[in-house]
Amino acid sequence: MYNDVEKDIESVLLTQEQIRQKVSEMVRRIDSDYRGKELVMIAVLKGSVLFLADLVRGFKRPLEFDFIGVSSYEGGKVSTGVVRLDKEIAIDIKGKNVLVVDDILDTGRTLGFVKHYLQKFEPNEIKICVLVNKEIKRAIDVEADYWGFKIPNVFIVGYGMDFENHYRHLPYIGILKR
Ligand code: IMP
Ligand code: MG
């Protein structure tokens, strides 16, 4: 029951140091693009939590953040294709510049759904920021305005990302043993 989770990791794909450097680069880019503009980040639970926490701590400018809860995987490694809303946003984004923050862009179903949901609240604009961008053919036509790493179609865990809700707490991104 209480085995070391690192035993389940085949290899480390992105180290803590690589992630740290990339997140600071992303902060610099976002900071410069949003100069003089209001910024509201909407982070997608639960995978974005570690990324969001590191990202926001890089900014000195004012910003707000809130969470939206959606689930697209019923556990396991294969997307069910169905996205369900688990938690609504609780702040007013009307007329605001929204930056959606998520761990990974895969089929695009999650972020497509989130974008569509947020549009109802009439924000000024919606942009998308993900740490990891999987290079696959999307099921839904959605792309990231900001992304940290492009990776091939492999299943990763850690730094927020899970397999059956485990491994989210790993400070690096790894590939699971089969
Ligand atoms: P999409 O809806 O297919 O774009 O997938 C987005 C969501 O699926 C992400 O927010 C993740 O929670 C999850 N996901 C996609 N690929 C992976 C992966 O390789 N490992 C863990 N979770 C993933
Ligand atoms: Mg997930």
Side-chain angles (χ1 to χ4, degrees), residues 4-16 18-20 22-23 26 30 40-56 65-90 93 98-120 126-178:
D4 186 340
V5 290
E6 304 216 322
K7 290 201 184 76
D8 300 340
I9 303 299
E10 177 80 52
S11 59
V12 174
L13 186 66
L14 299 163
T15 64
Q16 260 183 283
Q18 285 175 302
I19 296 169
R20 198 191 59 75
K22 187 61 76 176
V23 171
M26 296 178 82
I30 295 165
V40 183
M41 294 187 186
I42 301 291
V44 185
L45 290 171
K46 299 178 274 232
S48 68
V49 166
L50 276 72
F51 177 40
L52 179 81
D54 285 339
L55 191 69
V56 292
F65 66 80
D66 193 9
F67 296 97
I68 180 173
V70 294
S71 38
S72 63
Y73 280 14
E74 293 295 322
K77 297 185 181 178
V78 183
S79 173
T80 57
V82 181
V83 181
R84 193 183 64 200
L85 182 69
D86 297 328
K87 186 210 163 288
E88 303 245 5
I89 54 164
I93 59 165
V98 172
L99 184 62
V100 178
V101 177
D102 205 357
D103 50 0
I104 186 165
L105 174 59
D106 186 13
T107 65
R109 287 195 180 97
T110 303
L111 288 167
F113 176 93
V114 167
K115 224 174 157 176
H116 186 255
Y117 163 86
L118 293 174
Q119 252 139 19
K120 290 191 305 204
I126 303 176
K127 296 215 160 156
I128 289 178
C129 171
V130 294
L131 182 65
V132 180
N133 189 347
K134 267 195 196 175
E135 288 191 285
I136 63 155
K137 194 182 177 319
R138 313 268 181 243
I140 300 291
D141 184 25
V142 53
E143 276 313 321
D145 300 281
Y146 302 93
W147 47 266
F149 302 98
K150 275 200 171 161
I151 67 159
N153 194 14
V154 290
F155 190 83
I156 55 177
V157 294
Y159 201 68
M161 286 168 279
D162 73 303
F163 174 62
E164 295 182 344
N165 265 315
H166 283 277
Y167 310 105
R168 290 194 198 275
H169 63 301
L170 295 177
Y172 55 83
I173 293 173
I175 295 172
L176 272 185
K177 283 184 188 156
R178 329 194 29 123

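Read the numbers this way: they start at 1 and go in the same order the structure lists the ligands and their atoms. Fair warning: this is a prediction, and the values are worked out from it, not measured in the lab.
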Under a 4.0 Å heavy-atom limit, does [X] contact ligand 1 with its side chain, its backbone, both, or neither?
{"X": "Asp103", "answer": "side chain"}
{"X": "Lys134", "answer": "side chain"}
{"X": "Val157", "answer": "neither"}

Report the C-alpha separation of Val132 and Val130 in whole Å, then their side-chain angles, then the decisive distance to 0.1 Å, and conclude whether the side-chain contact (heavy atoms from CB on, under 4.5 Å) test is met. CA-CA 6 Å; Val132 180; Val130 294; over 6 Å; no
Please list, in number order, the atoms of ligand 1 under 4.0 Å from a heavy atom of [X].
{"X": "Thr107", "value": "1 (P), 2 (O), 3 (O), 4 (O)"}
{"X": "Asp102", "value": "10 (O)"}
{"X": "Ile156", "value": "18 (C), 19 (O), 20 (N), 21 (C)"}

Measure from atom 2 (O) of ligand 1 to every heavy atom in Ile104, Thr110, Val154, Val132 and give the option owning the shortest one.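 Heavy atom nearest to atom 2 (O) of ligand 1 belongs to Thr110.
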For atom 22 (N) of ligand 1, which of the options Asp162, Val44, Ile136, Ile173 provides the nearest non-hydrogen atom?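 Result: the heavy atom closest to atom 22 (N) of ligand 1 is in Asp162.
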Reported CG-to-CG distance for the pair Asp106 and Asn153, which is rounded to 0.5 angstrom: 6.5 Å
So, do Lys115 and Val100 sit near enough that their side-chain heavy atoms are less than 4.5 Å apart?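 Heavy-atom side-chain distance check fails, nothing below 4.5 Å.
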Taking the side chain as every heavy atom from C-beta outward, state whether Phe51 and Val23 have any pair of such atoms under 4.5 Å apart. yes
Phe113 vs Tyr117 aromatic rings, parallel, tilted or perpendicular, using cut-offs 30° and 60°? parallel
Quiz question: by atom type and distance under 3.5 Å, do the side chains of Tyr159 and Gln16 form a donor-acceptor pair?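 Per modelled atom types, Tyr159 and Gln16 side chains form no pair under 3.5 Å.
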For ligand 1 and Gly108, I'd like to know whether there is a polar contact (N/O to N/O, distance under 3.5 Å).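 Yes - when backbone and side-chain N and O of Gly108 are compared with those of ligand 1, one distance drops under 3.5 Å.
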For Val142 and Leu105, the nearest pair of non-hydrogen atoms, with its separation, is O-CD2, 3.9 Å
